[in-house]
Amino acid sequence: MKIKEMQLRKLLSQFHLTEFETEVLIATASIEEGKTLTYKELAERIGRPNSYRAVGNALGRNPLAPEIPCHRVIKSSGELGGYSGKGGNRKKKRLLRSENAI
DNA sequence: CCCGATTCCCCGC
DNA sequence: GCGGGGAATCGGG
């Protein structure tokens with residue numbers, strides 16, 4: 001557990017987020033650079049192996065799009081998935097390429 | 001009840 | 001691997 005996580009959780013609490021969404025966002029923020037996780041892997045990480053859909057929901061509501069590395073979360077098929085932040089999937093791909101994650 | 005930044009399975013080419 | 005079709009599963013409003 002990183003100290004950053006606590007700060008992030010507090011920051012997220014400023015929004016009207018639920019526990020679940022907070023967990024998902026934190027788990028996403030904890031992804032190391034150059035790494036990518038699938039929605040399912042992320043779901044498993046928060047203890048809900050089958051909530052991949054709900055995970056997508058949480059990321060879609062991601063209030064800190066540019067701050068949280070939601071671009072490191074892709075589909076299990078290898079596709080990008082989506083990106084609600086500015087630039088959309090276009091920027092998502094660019095970011096991943098910049099990080100050498102793909 | 002309905003929706004969605006999903007996933008997995010089946011079939012055939 | 002790719003296309004078409006369908007079902008399962010989860011939280012939020």
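None of these values were measured; they are calculated from a predicted model. Only heavy atoms go into these numbers, but all of them, side chains included; no hydrogens, no water, no symmetry mates. Lettering follows sequence order; numbering is per chain, from 1.
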message: In whole Å, I'd like the distance from the CG atom of A:Leu64 to the C1' atom of B:dA5.
response: 16 Å
field: Path from A:Val55 to A:Ile68 over hydrophobic side-chain contacts below 4.5 Å
entry: yes
field: Electrostatic pair A:Arg9-A:Glu23, nearest N-O below 4.0 angstrom
entry: yes
task: For nucleotides C:dA7 and B:dC2, find the distance between their P atoms and express it as a whole number of Å.
output: 15 Å
- line: Tightest non-hydrogen contact, residues A:Lys75 and A:Tyr39, listed as N-CE1, 3.8 Å
message: Just the rounded figure in Å: distance from P of B:dA5 to CD1 of A:Ile68.
response: 18 Å
- prompt: Any chain of hydrophobic side-chain contacts (each under 4.5 Å) joining A:Leu37 to A:Ile46?
  reply: yes
- line: Paired with A:Leu25, the side-chain contact (heavy atoms from CB on, under 4.5 Å) test is passed by just one of A:Leu11, A:Leu17, A:Leu8, A:Leu64, namely A:Leu17
- prompt: OP1 or OP2 of B:dC8 less than 4.0 angstrom from a side-chain nitrogen or oxygen of A:Lys40, does that happen here?
  reply: yes
task: Please check the phosphate of C:dG12 (OP1 and OP2 only) for any side-chain N or O of A:Thr18 closer than 4.0 Å.
output: yes
message: Checking A:Glu99 against A:His71 for the side-chain contact (heavy atoms from CB on, under 4.5 Å) test, could you report, in this order, the C-alpha distance in whole Å, the side-chain angles of both residues, the deciding distance, and whether it holds?
response: CA-CA 11 Å; A:Glu99 297 179 356; A:His71 58 269; 3.0 Å; yes
message: Distance check, P atoms only: C:dA8 and B:dC1, in whole angstrom units.
response: 16 Å
query: Is a donor on one side and an acceptor on the other found under 3.5 Å between the side chain of A:Arg94 and the backbone of A:Lys92?
result: no
Interatomic distance, A:Glu79 CD vs C:dG1 P [rounded to whole Å]: 11 Å
- prompt: Given B:dA5, C:dT9, C:dG12, which nucleotide is nearest the side-chain atoms of A:Cys70?
  reply: B:dA5
Length of the CG-C1' vector between A:Leu37 and B:dA5, whole Å: 15 Å
message: In whole Å, I'd like the distance from the CD atom of A:Glu44 to the C1' atom of B:dT7.
response: 12 Å
- prompt: Heavy atoms, side chains only, cut-off 4.5 Å: are A:Leu80 and A:Leu96 in contact?
  reply: yes
query: Base, sugar-phosphate, or nothing: which does A:Ser84 touch, judged by heavy atoms less than 4.0 Å apart?
result: base
- request: Could you work out which one of B:dA5, C:dA8, C:dC10 sits closest to the side chain of A:Tyr52?
  value: C:dA8
message: Can you tell me which nucleotide in B:dC8, B:dA5, C:dC10 comes closest to the side chain of A:Leu59?
response: B:dA5
Distance-only donor-acceptor test, A:Tyr39 side-chain atoms vs B:dA5 base atoms, 3.5 Å: yes
query: Would you say the side chain of A:Asn57 and the base of B:dG4 hold a donor-acceptor pair, judged only by whether the two atoms sit under 3.5 Å apart?
result: yes
query: Which dot-bracket string describes DNA chain B (Watson-Crick N1-N3 plus N6-O4 or O6-N4, or G-U N1-O2 and O6-N3, all under 3.5 Å; [ ] crossing; | other strand)?
result: ||||.||||||||
query: OP1 or OP2 of C:dG11 less than 4.0 angstrom from a side-chain nitrogen or oxygen of A:Ser51, does that happen here?
result: no
- prompt: NA contact type, A:Phe20, heavy-atom cut-off 4.0 Å: base, sugar-phosphate, or nothing?
  reply: sugar-phosphate
- request: Whole angstrom is fine here: how far is it from NZ in A:Lys91 over to P in B:dA5?
  value: 20 Å
Comparing A:Arg53 and A:Glu21 on DNA chain C - which has the more 5′ nearest nucleotide: A:Arg53
